[in-house]
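In what follows, chains carry the letters A, B, and so on, assigned in the order in which the sequence lines appear, proteins first and then strands, with residues in each chain numbered from 1.
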Amino acid sequence: EPEVTQTPSHQVTQMGQEVILRCVPISNHLYFYWYRQILGQKVEFLVSFYNNEISEKSEIFDDQFSVERPDGSNFTLKIRSTKLEDSAMYFCASSENPASTEAFFGQGTRLTVV
Amino acid sequence: GNSVTQMEGPVTLSEEAFLTINCTYTATGYPSLFWYVQYPGEGLQLLLKATKADDKGSNKGFEATYRKETTSFHLEKGSVQVSDSAVYFCALILTGGGNKLTFGTGTQLKVEL
């Protein structure tokens, strides 16, 4: 069964460093998302991406964050100058098209900023 | 704004017990409602959904009914198994509001023998 794959499963980084979280969405999907969950809090929407551009972003998704689809398969989230409060589980998701309400999620990357 | 409130966990049940996980929502329009499940070490998986009032979503013995009058979407299962141990997330998408999901905090369920 097709699945969304995220790497790494766990990333530890020092405060101030840049990290790139990687995702391989399901191959025929066109709509991509990043969500995050800070420990003990809600899963929060960060950004959606369609047709090689951001279609929607939350207020959390400021200039520190960027997304890219560098090739036909990967979808990345870059966090510049990481802060302690960026520590969270980051989930990637994809869906077939903008009209589809079913999103398929990856297993998440746990980011720990020390 | 839109929000989802779930009962806090963890919920610990014996196998074959009845499960209810409460979920209520606030939305500015007409949402579609979802339950996602996360098994240990895995990603979020769609468990069931309902797109309009009075719809019942069901899957793997789990059910939830979209109750507009009480703005609720409680998850139920008549007889839980150890394999149902997971974190359950209630979520909504606002119709016409893009495809972003608004999630609750999640409820951890532990089922013991």
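Around atom CG of A/L39, no more than 12 heavy atoms belonging to other residues, nucleotides or ligands sit under 6.0 Å away. Within 6.0 Å of the CG atom in A/D63, the count of heavy atoms belonging to other residues, nucleotides or ligands does not exceed 12. For CD of A/E85, the number of neighbouring non-hydrogen atoms (other residues, nucleotides, ligands) closer than 6.0 Å is greater than 12. Heavy-atom contacts from other residues, nucleotides or ligands closer than 6.0 Å to CD of B/E15 number more than 12.
Taking the six-membered ring for Trp and the full ring otherwise, A/F45 and B/F103 have centroids separated by 6.0 Å or more.
Contacts of B/Y36 with chain A are made by side-chain atoms alone, with heavy-atom separations under 4.5 Å and no backbone atom involved. Heavy atoms closer than 4.5 Å to chain B are found nowhere in A/Q6, neither backbone nor side chain.
Residues B/L48 and B/Y25 are members of one and the same hydrophobic cluster, defined by side-chain heavy-atom contacts under 4.5 angstrom among Ile, Leu, Val, Met, Phe, Trp and Tyr. Linking Ile, Leu, Val, Met, Phe, Trp and Tyr residues whenever their side-chain heavy atoms come within less than 4.5 Å places B/V11 and B/L47 in a single cluster. B/L19 and B/V111 fall within the same hydrophobic cluster, defined by Ile, Leu, Val, Met, Phe, Trp and Tyr side-chain heavy atoms under 4.5 Å apart, directly or through other members.
Pairing each heavy atom of B/L44 with each of A/F105, the nearest pair is O-CB, 3.2 Å. Considering all non-hydrogen atoms of both residues, B/T105 and A/K42 come closest at CG2-CG, 3.3 Å.
In this structure, B/Y39 and A/Q107 have side chains that are not in contact, with every pair of non-hydrogen atoms separated by 4.5 Å or more.
Here B/L101 is the residue among B/L101, B/V4, B/L46, B/T51 with the most heavy-atom pairs under 4.5 Å with chain A. No other option in B/Q45, B/Q38, B/Q6 has as many heavy-atom pairs under 4.5 Å with chain A as B/Q38. Your options are A/G40, A/G108, A/S58, A/G106, and the one with the most heavy-atom pairs under 4.5 Å with chain B is A/G106.
Panel note: side chain B/K100, backbone A/E44; no donor-acceptor pair is recorded below 3.5 Å.
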